[in-house]
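Hydrogens, waters and symmetry mates play no part in the numbers below; they use all other heavy atoms, side chains included. Every chain is numbered from 1, with letters handed out A, B, ... down the list of sequences.
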Amino acid sequence: MTIITLSHGTAIILFCIGLYTIISKRNLFKTVIGLSLMESSVLLLIVAAGFVQGGRPPILPIEGIAVNPLPHAFTLTAIVIGASDLALALAFVIKLHQRYKTVDLDKIRGLRG
Amino acid sequence: MISLLTVLIPLTWAFLIPLIHIFRKTWLKRAILLFGIAVFFVTISAAISGWKQSALSFLGGWPAELGIVLIVDKLSAAFLFLSAIGGGAAFLASYGRLKEGPWRYYVIFFLLQASMNGVLITGDIFNLYVFYEVFSLAAYLLVAFTISWQAIEAGLKYLVLGTIGAFFILLGIAYIFMATGSLNMAVLSLVLPHIPNEALTVIAASLLIGLFIKIGAFPVHFWLPDAHSSAQTAVSALLSGVVVKVSIYTLLRLSLLLFLETKPAVFTVITVVGTLSVLGGHLMALRQEDIKRLLAYSTVAQIGYVLIGVGTGMAAGISAAFFHAINHMFMKVGLFIAAGHIAEDMKTRNIYDLRGLYHHRRWFVIVFSLLTAAIVGIHPLGGFMSKWYLMLAATKAGNVIPALALAFGTVISAFYYMRVLSFFYSSGDPPPRQTYPYWNLAIAGACALCCVFLGIVPLVPSLWKLVSDIGLNAVDTAEYISTMLSK
Amino acid sequence: MSALFYSFVCFFLILTALVASEIKDILSAVISLSVFSVLLAIAFVALQAPDVALTQAVISSGLITSLFLVAYSQTQKEGRRENDEE
Amino acid sequence: MSKSCFLRIVTFLLCLALGWQFWKGILALEPTQIIIGPAAHYIESAAEETGATNIVAAILFDYRALDTLGEASVIYTSVCGIAMLFAKSKFKISSTGLSFIVKRGVSFIIPFLLLYAAGIVLMGHISPGGGFQGGAVFATATILFCIVYGSGFEAVMIKPKTKELIESSGALMFVLIGFVGLWTGAGFLANIAAGYPKGEVGRFLSGGSIPLLNIAVGMKVSAGLSTIFYSMIKLLEFEVTKHPGVKNK
């Protein structure tokens, strides 16, 4: 029980750190890092949701009880989706740097207003 | 079975195009046209068959609780119809302009089409998230397709906000999973009333935040004008016409299935956000001088109209919302294609530089005026009818302020569209040169004719019954659940 | 795996996340994010999810970190480039 | 300055409030120690119904295989987009890589790395691993090529067109394997019901279509992720050649 509560708490703190990083930081790399943190936090939340005290990995043969395998499948999918998102974001950052020679959001203001 | 093909066929085309490019480059041109037509017809036929009778397909032969089920009921069928028409128009516009040259564009286009259809027909909430992400990634890439700096910047903005929205949706799904242990939407609809209220609040809040970001509703709309105006013509039409509507479908489906009885506050929030979008979108559009940005802000406002309809949570409101969505699809596809062509032809997007357009682009301006009249809501056209029904539904549901905002927004929109038209009809300089864009003119003209036709729909009882059936079917969640769990 | 060890991992997860978020130097932030990913993989092992841990280790801490480093080194050249696009 | 500081504090408080709401939601849900919903069925009868001992693989490639197809499409979209964004950038073969000893050492390791990756892909149905993880290890091996031998080596060895071919045919293979189920009437991506041999549970040759789907995904992911890396490195290489500190060959 403690492990589950602990990971839920950690996941929520990480989600908030990620969101805070995205909103408050003016560097595009920090934005992408924030996205990565948000993604990881949700993954931790889902995996912890499937944990059972004293459970074994969901690979047969299982001695005793198994943890819930369904969240593992989602998490795998979500990791890959998140990685594609991040890769695309980094590619955009590189392309944008070619034009502006900076990754500072305050100096990139072509589309304001 | 045909409902499954609406996803698989475009997906297969997207995987095939690189192979054709490698082995038989000369076939590419014909193959792409053929693929586009095939996708259109498959989607339409899936919509028709789903309309007649709810069509299910069980993937892998597993029953609904174990595997993934695809389901086409009347609401899905209506939106499939919308996606087929809008996607087809955008495909023709881009094919007429680009030919087969940038083949990667078509790969992304077919992926977008496949995932949109997937979002519309899936019956599993995690599967919905997966398709939603394919569809969002494809949309970011289509925005950035021209690789001009505006496009890249708009694409990055769209990507960052869209990804934040996606993670909020994923968080909501994680909470749903923690609370119930299952993901089938019909099952969830049955078990969600039994979970604690605080958890339900979190689920509703994170799903709504995520979906509002993805839709581009007022407080979090700032990616939308950039993305919709920086993309190339056909992509702008696709984004405004179809992509936004698919997000609205998701909101509609989830809010009706999960929160209709358990959390009515969700509908109040949707109504409030819709009202804010109407006012905010129109007031921002008033200040724009760039014609594509003006149209994009107008999209924000029109999203607000649809959200007011959804927010009533009643059959009449949902029917009106869909009717407005399909009207707006025709109007915006036509307007964006016409405006995009004018902007490319005249090499400017500033409306002050488009003075006197009527004297040398006569047909374009006539079509543009007709579409403008429809979007503002001149009496016999489609826009008027849908707004009228939205207003009726909103007042019937007791939302008087949104109904007033709707009327007020219409007045503002009349003002700024009149300003654009007054520039078009005033006298101006002679044109630099003239091109004969029959292709774009034909698509925009067809959209305008459809707007005229849609104005007739409410007057013919048999046609109006089709539209009102959508709302009745959407509210009837019991039928959806019993259909899905029948096997 | 004991609860004490797990709480240790959780503490370091939050610490590395804060470092990645707050530190000025981008390279340090990226490396901190990489450490964060490895710690997350350890947490997944503790939660009895070997599949997820393997994926997290390979994709997030391997590939995404290398992409971050590529992007970082791409953007570390101010003004030396002439416009070689188009 | 004070304005940005103020904004920062407001953001911080906003995040704190959001986190508090989420925490309250968590507290309201009592974590159950009994597995409910479809997961209980999966644990109970996955081996019998799919022939795979790794239940996660059974869920990914059989019960919820459409998710995996969608996931593969996400990577496909992202790869296609990144290749599109960097299509006009130049790729210059430049750096000669690390020293002779390192090259020899790595050339000794590489076959084992590839074998390990192939093992992860092929054993996905009986042990942790599968197409995504194995494909990512393959892609990491190609990145190792770039670091050790210089980017030119990889570009000569595996043409981008070959990667595209591998990626597209992997994706198509996934869809075709699924179509077999549609053909036999068992439903798209059906496994045992579509007539794939179940084999003896726990053996290498078991699990019906799951190993085949793993191979398809492995092909797709390895080629795709490698393409992402080599697309993004393009300009970097171009720049390094002009950098005064690096010798040009």
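- Between P18(B) and Y76(D) the shortest side-chain heavy-atom distance falls below 4.5 Å.
- Distance check, rounded to the nearest 0.5 Å: CD1 of I59(D) to CG of L66(B) gives 10.0 Å.
- At a 4.5 Å heavy-atom cutoff, the contact between F131(B) and chain D is made by side-chain atoms alone.
- Chain B forms the most heavy-atom pairs under 4.5 Å with one residue out of Y42(D), F179(D), F188(D), and that residue is F188(D).
- Of the two parts of L111(B), only the side chain, counted from C-beta on, holds a non-hydrogen atom closer than 4.5 Å to a non-hydrogen atom of chain D.
- For the atom pair CZ (R104(B)) and CD (E164(D)), the distance works out to 4.5 Å, reported to the nearest 0.5 Å.
- If you measure heavy-atom distances from L18(D) to chain B, the contacts under 4.5 Å come from the side chain alone.
- When every heavy atom of K24(D) is checked against every heavy atom of E198(B), the shortest pair comes out as O-CB, 4.2 Å.
- Contact annotation for A39(D): neither backbone nor side-chain heavy atoms come within less than 4.5 Å of a heavy atom of chain B.
- Considering only heavy atoms from C-beta on, I68(B) stays 4.5 Å or farther from Y63(D) through its side chain.
- At a 4.5 Å heavy-atom cutoff, the contact between L183(B) and chain D is made by side-chain atoms alone.
- Ranked by heavy-atom pairs under 4.5 Å with chain B, the list G181(D), G70(D), C80(D), A193(D) is led by C80(D).
- Considering CG of D67(D) and CG of L59(B), their distance stands at 10.0 Å, rounded to 0.5 Å.
- With a 4.5 angstrom heavy-atom cutoff, L142(B) does not touch chain D via any of its atoms.
- Separating the OG1 atom in T77(D) from the CG atom in L137(B) is a distance of 6.0 Å, to the nearest 0.5 Å.
- Contact count against chain B (heavy-atom pairs under 4.5 Å) is highest for L172(D) among L189(D), L172(D), V175(D).
- Only the backbone of T180(B) has a heavy atom closer than 4.5 Å to any heavy atom of chain D.
- Rounded to the nearest 0.5 angstrom, I152(B) CD1 and L85(D) CG are separated by 5.0 Å.
- Taking OG from S168(D) and CG from L19(B), the interatomic distance works out to 4.5 Å, rounded to the nearest 0.5 Å.
- Only the side chain of D124(B) has a heavy atom closer than 4.5 Å to any heavy atom of chain D.
- In this structure, the portion of L4(B) lying under 4.5 Å from any heavy atom of chain D is its side chain and not its backbone.
- The minimum heavy-atom distance between A199(B) and G25(D), with the atom names listed, is CB-O, 4.0 Å.
- Using a 4.5 Å heavy-atom threshold, the side chains of L66(D) and L70(B) count as touching.
- Contact annotation for A83(D): both backbone and side-chain heavy atoms come within less than 4.5 Å of a heavy atom of chain B.
- Proximity to chain D (any heavy atom under 4.5 Å) is restricted, for L8(B), to the side chain, taken from C-beta onward.
- The shortest side-chain heavy-atom distance between M84(D) and I108(B) falls under the 4.5 Å cut-off.
- Only the side chain of F23(B) comes within contact range of chain D, judged by heavy atoms closer than 4.5 Å.
- Neither the backbone nor the side chain of F174(D) comes within contact range of chain B; no heavy atoms are under 4.5 Å apart.
- Counting heavy atoms of neighbouring residues, nucleotides and ligands inside a 6.0 Å radius, atom CE of M173(D) exceeds 12 of them.
- Listed options V130(B), N127(B), L171(B) were ranked by heavy-atom pairs under 4.5 angstrom with chain D; first place goes to N127(B).
- Options L27(D), V74(D), N191(D) differ in how many heavy-atom pairs under 4.5 Å they form with chain B, and the most are formed by V74(D).
- In this structure, R64(D) and F126(B) have side chains that are in contact, with non-hydrogen atoms separated by less than 4.5 Å.
- Heavy-atom minimum distance, V202(B) versus Q21(D): CG2-O, 3.5 Å.
- Smallest separation of non-hydrogen atoms from F168(B) and F22(D): CE2-CZ, 4.1 Å.
- Between P196(B) and A28(D) the shortest heavy-atom distance is CG-O, 3.4 Å.
- By the 4.5 Å heavy-atom criterion applied to side chains, E167(D) and F15(B) are not counted as neighbours.
- Only the side chain of L69(D) comes within contact range of chain B, with at least one heavy atom under 4.5 Å from a heavy atom of that chain.
- Neither the backbone nor the side chain of I17(B) has a heavy atom closer than 4.5 Å to any heavy atom of chain D.
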